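The shown structure was predicted, so the numbers you read here are calculated from the model rather than taken from an experiment. By convention here, the first residue in the shown sequence is residue 1.
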Amino acid sequence: MDLGIFDDMEAPELRQYVEFLLRHYRVMDAFWFIYVDEAFDQPTAERINEKVWDRVSGLAAKDLVARFNIQDKGLKGFVKAQRMFPWCILVGYDIEESADEVVISVPSCPTQEARLRRGLGEYVCKEMHRREFASFAKAVDERIQVECLFAPPDPHPKEMFCKWRFFLA
């Protein structure tokens, strides 16, 4: 990897580049899903998406923990790493912490909102996110359990797409 381009960049330009990377991370994910759906069908795209996010999120959590020296275990370590995860930044998860649980709420989901604007309807993301969150949490601390309170295809309030609970076993 040649990172020389960043040597002369100041903080504002580096921040702008990070914003560019995050946006394209989301765009790449969207087109990947769309093209798998077109080549096969939506249930196949959803199943492959589940496998991809299961794998990618665990790898990301391990990398974040190592790169940023996150030594905390349990829910505290999970939240520190999760706040640095690109999808958390892109979506803007609401993260509520208490002594014995963490609740992540998603009032605004760019993926689902884009689909709804295009008249496509929500896609089934519950299992994908369950696997994503479980893999991520396990990489931080194997004791962390995940519970889906609701996510598509579940009925949900208009102002909230999904809600997840994390706790120690």
| request: Would you check if the side chain of Asp141 reaches a backbone N or O of Gly74 as a donor-acceptor pair within less than 3.5 Å? | output: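 Side chain of Asp141 to backbone of Gly74: a pair is present.
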| field | Donor-acceptor contact below 3.5 Å, side chain Arg115 vs main chain Gly121 | value |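 Side chain of Arg115 to backbone of Gly121, a donor-acceptor pair under 3.5 Å: yes, one is there.
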Atom [atom1] of [X] and atom [atom2] of [Y]: how far apart are they, to the nearest 0.5 Å?
X	Y	atom1	atom2	result
Met84	Ile89	CE	CD1	7.5 Å
Asn49	Lys51	CG	NZ	12.5 Å
Leu75	Asp100	CG	CG	8.0 Å

If you draw a 6.0 Å radius around [atom1] in [X], do more than 12 non-hydrogen atoms from other residues or ligands fall strictly inside?
X	atom1	value
Phe6	CZ	yes
Glu38	CD	yes
Phe40	CZ	no
Glu101	CD	yes

Flag side-chain contact, heavy atom, 4.5 Å: [X] against [Y]:
X	Y	value
Val124	Pro152	no
Ile104	Cys88	no
Ser105	Met160	yes
Tyr93	Val103	no
Asp94	Val106	no
Arg26	Pro110	yes
Glu132	Met128	yes

Ion pair [X]/[Y], N-O distance below 4.0 Å:
X	Y	answer
Arg131	Asp54	yes
Arg130	Glu127	yes
Glu97	Arg83	yes

| Worked check of side chain to side chain contact (heavy atoms under 4.5 Å, CB included) between Phe68 and Lys80 | CA-CA 10 Å; Phe68 297 96; Lys80 279 185 179 180; over 6 Å; no
Out of curiosity, does [Y] fall in the hydrophobic cluster containing [X] (side-chain heavy atoms, cut-off under 4.5 Å, transitive links)?
X	Y	answer
Leu59	Val65	no
Leu90	Leu21	no
Ile70	Leu168	yes
Leu116	Ile34	no
Tyr35	Leu120	no

Quick check: closest heavy atoms across [X] and [Y], and the distance to 0.1 Å?
X	Y	value
Asp72	Val140	O-CG1, 4.4 Å
Leu64	Ala81	CD1-O, 3.5 Å
Val36	Ala45	CG1-CA, 3.6 Å
Trp53	Ser57	O-OG, 2.7 Å
Ser108	Val91	O-CG1, 3.3 Å

| message | Regarding Trp32 and Asp37, do their side chains bring together a donor and an acceptor under 3.5 Å, going by distance alone? | response |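 Distance-only check fails for Trp32 and Asp37.
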| Side chains of Gln112 and His156: do they bring a donor and an acceptor to under 3.5 Å? |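 Distance-only check fails for Gln112 and His156.
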| Does the pair Glu147 and Phe167 meet the rule for a side chain to side chain contact (heavy atoms under 4.5 Å, CB included), with working shown? | CA-CA 8 Å; Glu147 174 189 8; Phe167 57 96; 4.1 Å; yes
| task | Examine Phe20 together with Tyr17 and report whether their ring centres are nearer than 6.0 Å. | result |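 They qualify: ring centres under 6.0 Å apart.
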| Does Phe150 have its ring centroid less than 6.0 Å away from the ring centroid of Phe161? |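 Aromatic pair excluded; centres sit 6.0 Å or further apart.
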| query | Does the salt bridge (Lys or Arg N to Asp or Glu O under 4.0 Å) test come out yes or no for Arg15 and Glu19, once each step is laid out? | reply | CA-CA 6 Å; Arg15 182 184 178 97; Glu19 290 173 12; 3.5 Å; yes
| Out of Phe166, Phe78, Trp87, which one pairs with Phe136 under the side-chain contact (heavy atoms from CB on, under 4.5 Å) rule? |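 The residue from Phe166, Phe78, Trp87 that satisfies side-chain contact (heavy atoms from CB on, under 4.5 Å) with Phe136 turns out to be Phe78.
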| said: Tell me whether the rings of Phe33 and Tyr123 are parallel (<30°), tilted (30 to 60°) or perpendicular (>60°). | reply: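 Judged by the thresholds at 30° and 60°, the geometry between Phe33 and Tyr123 is tilted.
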